[in-house]
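Reviewing the structure listed below.
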Amino acid sequence: MANWVARSLLKGIRTTRWPAQPETTPGVTPGRPEPAWREDAERVASICPTAALKADALGVAVEFAGCVHCQRCRTGTEALPWRADFEWAAGTDTAQAALPARFRHALHVRYLDAGACGGCMGEARLIDAPPYNLHRFGIFITATPRDADVLLIAGPVTEAMRVPLLRTYEAMPEPKRVVAMGVCAINGGVFGESFASAGGASALVPVDVVIPGCPPPPLAIVHGLLLAVGRAKPAALEEAP
Ligand code: SF4
Ligand code: SF4
């Protein structure tokens, strides 16, 4: 025990100071493309596999909620400027208000893997690891929906996960909020809508907060949870140059 305490004192605090201070550690985010003036905007926009890039009179606009981070617009002659932020979460058009103030320091979150590839859940598993330490905000992961205030969904909602999603949502007490994590949960992502995929969580339950990315990095997920309790400002996801 004494050794453990001494080692901790020697190593110092390893948890990010964000959001009190900016987090600029290399690799903490893959970044995101920025809108830019381009004469060949049509050509640049055409390389995006999900139509997240749009050509208009002002150049190339970015609808980040559709970006699957394929990196095609990061290099080569189509390269757009990228910025290294991660505060990507935003409210939806049908979002309810943030949870009441009593949830600000005591929030319970239930994960739901609704057919995700593993990427989003892999990042989500890191949010309570020492570098990010979700617990410092009073946010905890719970195994039962009956204790959950927020449902954090990944994946496009496969046919097999329709009923589990609905039952999980119904089992949660009011007030509750739903956060869609990753492009698949927002709009189906590369899976889209089909006989096997609902094309995103909003097809079945009301989604309050979306966290773009494929997958979103851990701090983007934390930002989305803070937004659900009114402790963070939303990002603007659709931008024009
Ligand atoms: S990184 Fe995103 S915006 Fe750029 S081409 Fe890929 S999906 Fe489209
Ligand atoms: S958004 Fe990307 S990482 Fe997340 S489940 Fe979909 S494909 Fe996987």
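Residue numbers run from 1 in the order of the sequence given. For ligands, and for the atoms within them, numbers begin at 1 and follow the listed sequence. Here the structure is a predicted model, which is why all the values come from computation and not from measurement.
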Gln71 and ligand 1 - part of the residue with a heavy-atom distance under 4.0 Å = backbone
For Val190 and ligand 2, answer yes if some heavy atom of the residue is under 4.0 Å from a ligand atom, otherwise no.
-> no
So do Arg110 and Met172 actually touch side chain to side chain, heavy atoms under 4.5 Å?
-> no
Numbering the atoms of ligand 2 from 1, which are under 4.0 Å from a heavy atom of Cys120?
-> 1 (S), 3 (S), 4 (Fe), 5 (S)
Give a yes-or-no answer on whether the side chains of Glu87 and Trp18 include a donor-acceptor pair shorter than 3.5 Å.
-> yes
Return yes if some donor-acceptor pair links the side-chain N/O of Asp56 with the main-chain N/O of Gly59 below 3.5 Å, else return no.
-> yes
Hey, do the aromatic rings of Phe86 and His223 have their centres closer than 6.0 Å?
-> no
Atom 7 (S) of ligand 1: nearest protein contact (heavy atom, Å) = Val68 N, 3.3 Å
Exam field: side chain Arg162 to backbone Ala198, donor-acceptor pair closer than 3.5 Å = no
Rounding to 0.5 Å, atoms OG (Ser46) and CG (Leu53) come to a distance of 9.0 Å
Residue portion contacting ligand 1 (non-hydrogen atoms closer than 4.0 Å) for Leu53 | side chain
In this structure, atom 8 (Fe) of ligand 1 is nearest to the protein heavy atom Cys48 SG, 2.4 Å
Run the numbers for me: atoms of ligand 2, each under 4.0 Å from some heavy atom of Ala116, listed by number.
-> 5 (S)
Can you sort out which atoms of ligand 2 are near Cys184, meaning under 4.0 Å from one of its heavy atoms?
-> 1 (S), 5 (S), 6 (Fe), 7 (S)
For Cys67, the ligand 1 atoms whose distance to one of its heavy atoms is below 4.0 Å = 1 (S), 2 (Fe), 3 (S), 7 (S)
Would you say Glu23's side chain and Thr25's backbone share a donor-acceptor pair under 3.5 angstrom?
-> yes
Which residue owns the protein heavy atom closest to atom 4 (Fe) of ligand 1, what's the atom, and how far is it?
-> Cys73 SG, 2.3 Å
Closest approach of any protein heavy atom to atom 5 (S) of ligand 1, naming residue and atom = Cys70 SG, 3.5 Å
Taking only heavy atoms of Cys117 into account, list the atoms of ligand 2 that are under 4.0 Å away from them.
-> 3 (S), 5 (S), 7 (S), 8 (Fe)
Check ligand 2 against Val183 and write out every atom of the ligand that is under 4.0 Å from a heavy-atom position of the residue.
-> 1 (S)
Does NZ or CZ of Arg32 come closer than 6.0 Å to the centre of the six-membered ring of Trp82, within 45° of the ring's axis?
-> no
Is it true that the side chains of Thr168 and Glu170 contain a donor and an acceptor less than 3.5 Å apart?
-> no
Is Cys214 close enough to atom 2 (Fe) of ligand 2 to have an N, O or S atom under 2.8 Å?
-> yes
